Amino acid sequence: EMRDFLADTAAIDCEMATLTEEMDTISMLIERLIAGNATRAMNQEEYNKKYDTLEERFNTAQKRYDKLQGRKVTLGFEVDVMECFMFEISALPELPVVFCEHFWNNMIDHVTVYHDDRVVFTFKNGSEITETI
């Protein structure tokens with residue numbers, strides 16, 4: 001279940017599809033603007049302002065798309081690490097289970113201890129588990 005939860009990129013895929021549509025639309029608007037400038041006399045200051053605005057919108061969408069794509073790749077790596085971890089765990093003998101620094105370092109990003117006896121374990125995938133000591 002955890003693997004499926006971590007590997008679920010539906011929200012990322014949806015946003016990437018929306019951004020792709022937006023970039024396609026902006027590209028079409030830029031092409032029309034350029035074609036209009038080539039076929040009729042336009043105020044070049046106005047043309048440059050429109051072009052710059054469209055270009056900035058496109059670049060903003062492209063940066064967000066690239067960030068999402070990077071996150072999707074990172075999630076894939078995190079899932080692979082977790083699957084390796086689970087494979088290694090399943091290969092351990094039943095008892096005794098001994099602390100292994102290798103497993104800890106691959107899974108835990110940081111641990112926060114609070115004054116009210118709460119301990120929050122933050123995993124590298126961003127999920128958290130809270131325990132009371």
Side-chain angles (χ1 to χ4, degrees):
E1 283 182 33
M2 183 61 94
R3 184 224 175 273
D4 291 341
F5 174 76
L6 294 175
D8 183 14
T9 61
I12 292 173
D13 293 337
C14 183
E15 187 175 350
M16 288 174 72
T18 301
L19 288 167
T20 298
E21 288 177 20
E22 182 179 349
M23 290 185 297
D24 289 346
T25 300
I26 294 169
S27 293
M28 183 185 67
L29 292 171
I30 289 173
E31 288 174 12
R32 285 184 184 170
L33 182 65
I34 292 170
N37 188 48
T39 58
R40 65 182 184 280
M42 291 181 73
N43 178 321
Q44 291 305 292
E45 210 172 284
E46 184 180 312
Y47 166 80
N48 288 334
K49 185 177 179 182
K50 287 180 183 179
Y51 184 89
D52 291 345
T53 299
L54 290 170
E55 182 181 40
E56 185 171 332
R57 280 181 54 198
F58 182 89
N59 289 339
T60 299
Q62 181 69 54
K63 285 178 189 173
R64 178 66 181 152
Y65 182 91
D66 293 343
K67 186 175 182 178
L68 289 170
Q69 192 170 31
R71 180 66 184 138
K72 194 172 172 179
V73 169
T74 300
L75 282 174
F77 289 137
E78 289 174 353
V79 168
D80 289 346
V81 167
M82 188 190 68
E83 286 177 340
C84 290
F85 175 77
M86 295 307 295
F87 177 77
E88 289 184 34
I89 289 287
S90 67
L92 290 174
E94 288 293 317
L95 288 174
V97 175
V98 180
F99 174 81
C100 177
E101 188 174 331
H102 173 74
F103 293 147
W104 179 268
N105 289 334
N106 280 328
M107 295 297 289
I108 302 294
D109 183 52
H110 63 277
V111 178
T112 307
V113 180
Y114 292 93
H115 71 290
D116 62 357
D117 296 332
R118 283 182 302 129
V119 179
V120 178
F121 297 88
T122 303
F123 292 85
K124 289 190 176 181
N125 69 0
S127 62
E128 296 180 344
I129 295 177
T130 302
E131 295 291 331
T132 303
I133 54 173

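Being a predicted model, the structure only gives us computed values, none of them experimental.
- Exactly one residue among Lys63, Arg64, Gln62 makes a side chain to side chain donor-acceptor pair (under 3.5 Å) with Asp66. That residue is Gln62.
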message: What verdict does the side-chain contact (heavy atoms from CB on, under 4.5 Å) test give for Lys72 and Leu68, after you've listed the backbone C-alpha separation in whole Å, the side-chain angles of each residue and the deciding distance to 0.1 Å?
response: CA-CA 6 Å; Lys72 194 172 172 179; Leu68 289 170; over 6 Å; no
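- In this structure, Ser127 contributes its side chain and Phe123 its backbone to no donor-acceptor pair below 3.5 Å.
- Separation of atoms CD1 (Ile34) and CG (Leu29) is listed at 11.0 Å; rounding is to 0.5 Å.
- Interatomic distance, Met23 CE to Phe58 CZ, rounded to the nearest 0.5 Å: 5.5 Å.
- Proximity of a side-chain donor or acceptor of Lys50 to a complementary backbone N or O of Ile30 within less than 3.5 Å is not detected.
- Under the 4.5 Å side-chain heavy-atom criterion for ILVMFWY residues, a single connected hydrophobic cluster contains both Val79 and Ile108.
- With a 6.0 Å radius and a threshold of 12 heavy atoms from other residues, nucleotides or ligands, Glu128 has its CD atom above the threshold.
- Of the inter-residue distances, the one linking Arg118 atom CZ with Thr112 atom OG1 reads 9.0 Å to the nearest 0.5 angstrom.
- The distance from the CG atom of Leu33 to the CE atom of Met42 is 5.0 Å, given to the nearest 0.5 Å.
- Here the closest heavy-atom approach between residue Leu19 and residue Tyr65 is recorded as CD1-N, 3.7 Å.
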- request: Kindly determine whether Arg57 and Leu54 satisfy side-chain contact (heavy atoms from CB on, under 4.5 Å), including the steps that lead there.
  value: CA-CA 5 Å; Arg57 280 181 54 198; Leu54 290 170; 4.0 Å; yes
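- With salt bridges taken as basic N to acidic carboxylate O contacts below 4.0 Å, none links Glu45 and Lys49.
- Distance check, rounded to the nearest 0.5 Å: CG of Asp13 to CE of Met16 gives 6.5 Å.
- Residues Ile12 and Arg71 come closest through the heavy atom pair CD1-CG, 4.0 Å.
- Under the 4.5 Å side-chain heavy-atom criterion for Ile, Leu, Val, Met, Phe, Trp and Tyr, Ile129 and Val113 are members of the same hydrophobic cluster.
- Taking CD of Gln69 as the start and OG1 of Thr9 as the end, the distance is 11.5 Å to the nearest 0.5 Å.
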